[in-house]
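Below: one structure, written as structure tokens.
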Protein chains: 2
Amino acid sequence: MSDEKTEYTISDLAKEFEITSRSIRHYEDEKLITPLRRGVHRIYNTRDRVRLQLILRGKRLGFSLAEIKEIIDLYGVEGEQKQTERLLELIRLRRDSLKQQLKDIKYLLNEFDVLEEKLTANHQPNNLTS
Amino acid sequence: MSDEKTEYTISDLAKEFEITSRSIRHYEDEKLITPLRRGVHRIYNTRDRVRLQLILRGKRLGFSLAEIKEIIDLYGVEGEQKQTERLLELIRLRRDSLKQQLKDIKYLLNEFDVLEEKLTANHQPNNLTS
DNA sequence: CTCAAAGTTTACGTTTGCGTAAAGGTAAGC
DNA sequence: GCTTACCTTTACGCAAACGTAAACTTTGAG
């Protein structure tokens, strides 16, 4: 019924997310994903795919693989008091830095707009003055 | 008349931006800042301070020092056609990635809010049920 | 059966961004 | 002139996140 693929090879995912297979294997070495095996080959399912998305999002935001692992691991648990505390702590810590990043980005995007306008303005003025 | 300091030592800036002097010297090694010298000691002025801010903002956004240098260098020039083109290209490239980051951050901050609420909700339910 | 394409493990190499001594020069107060 | 706090250069060290090469194995097509 569904159009969605439910199984992927390593190069399927590599292509889709525009990363190398080496990277994906590396995330596995670091225990961030653990795909099933069919014989010796890795088989990724939808859950694995989502995890990979999470990893890449985390990376784009400047988290280290270790931090991403910690968050992913804690995220799945929910129940244990200590781990909940820890997750909340990580969230609060990160929230400030993320809010700072947000400011930075807005600032920079605006700078870019201004600058681009300035640059493109005197970029083609020749058909008026020549 | 003005209250603004116009001269800083390396540790002034280190303290202000909460980084190490080593980092600042490293940025100099990589040609990102070039403070004056009084004898052998580095003297930073307001321009240098602004540059340092730029560097740190760039870093928070995931730029490499090399990229930051390229941008800063191009930023100052304006005039040369090729460099203007290059800067515009860099801007466009980065804009997309920054917009993606912006999405990521908003997504994650929202996730955090939801999660935190969920976690703090059943964090102290004992005084009702016990 | 054979060959190519893709997958696998192992392991050393590389880049980035500083940390961290080591070993000493300098400026200011007393 | 001595101490103390801060500055300097030089240089080796290191963790993170893969790149890359070597040397197979597996699978699918023909």
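All values derive from a computational prediction rather than experimental measurement. A note on names: the letters A, B, ... follow the listed sequences, proteins ahead of strands, and every chain is numbered from 1.
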Verdict with reasoning, A:Ile68 to A:Leu54, per side chain to side chain contact (heavy atoms under 4.5 Å, CB included):
CA-CA 8 Å; A:Ile68 295 172; A:Leu54 279 175; 5.8 Å; no
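- Residue B:Ile10 contributes atom CD1, which lies 7 Å from atom P of D:dC7 at whole-angstrom precision.
- Residue-to-nucleotide proximity on DNA chain D shows that, of A:Gly39 and A:Arg22, the 5′-proximal contact is made by A:Arg22.
- Across the protein-nucleic acid pair, A:Tyr44 atom OH and C:dA6 atom C1' stand 13 Å apart, rounded to whole Å.
- Of the charged side-chain nitrogens involved, at least one lies within less than 4.0 Å of a carboxylate oxygen, so that A:Glu7 and A:Arg38 count as a salt-bridged pair.
- In this structure, B:Thr9 reaches the sugar-phosphate backbone alone: every heavy-atom distance under 4.0 Å involves primed, P, OP1 or OP2 atoms, never a base.
- Contact check, A:Ser23 against D:dA17: no side-chain N or O comes under 4.0 Å of OP1 or OP2.
- Put simply, A:Thr20 has a side-chain N or O that comes within less than 4.0 Å of OP1 or OP2 on D:dG19.
- Phosphate contact (OP1/OP2 of D:dT9, side-chain N/O of B:Arg42, threshold under 4.0 Å): present.
- Taking the side chain of B:Ser11 as heavy atoms from C-beta on, and the options C:dT8, D:dC6, C:dG19, the nearest nucleotide is D:dC6.
- A cation-pi arrangement, defined by a distance under 6.0 Å to the six-membered ring centre and an angle within 45 degrees of its axis, is absent between A:Arg49 and A:Tyr44.
- The CZ-C1' distance, from B:Arg38 to D:dC6, rounds to 15 Å in whole Å.
- Rounded to a whole Å, the NE2 atom of B:His41 is 12 Å from the P atom of C:dG25.
- Each of A:Asp29 and B:Ile24 has a nearest nucleotide on DNA chain C; the 5'-most of these lies closest to A:Asp29.
- Rounded to whole Å, the distance from NZ on B:Lys59 to P on D:dA16 is 15 Å.
- Put simply, B:Arg37 has no side-chain N or O that comes within less than 4.0 Å of OP1 or OP2 on C:dG25.
- Across B:Lys69, B:Arg51, B:Arg37, a single residue satisfies salt bridge (charged side-chain N to carboxylate O under 4.0 Å, His left out) together with B:Glu28, and that is B:Arg37.
- Summarising the geometry, the separation between CD on B:Glu30 and P on C:dC18 is reported as 10 Å, rounded to the nearest angstrom.
- Under 4.0 angstrom from either OP1 or OP2 of D:dC18 there lies at least one side-chain N or O belonging to A:Tyr27.
- Here C:dT26 presents its P atom at 14 Å from CD1 of B:Ile43, a figure rounded to the nearest Å.
- The shortest distance between the side-chain N/O atoms of A:Arg25 and the OP1/OP2 oxygens of D:dT20 is not below 4.0 Å.
- Counting to the nearest Å, the P atom of D:dC18 and the NE2 atom of A:His26 are 6 Å from each other.
- The nearest pair of heavy atoms linking A:Ser21 to A:Ser11 is OG-CA, 4.3 Å.
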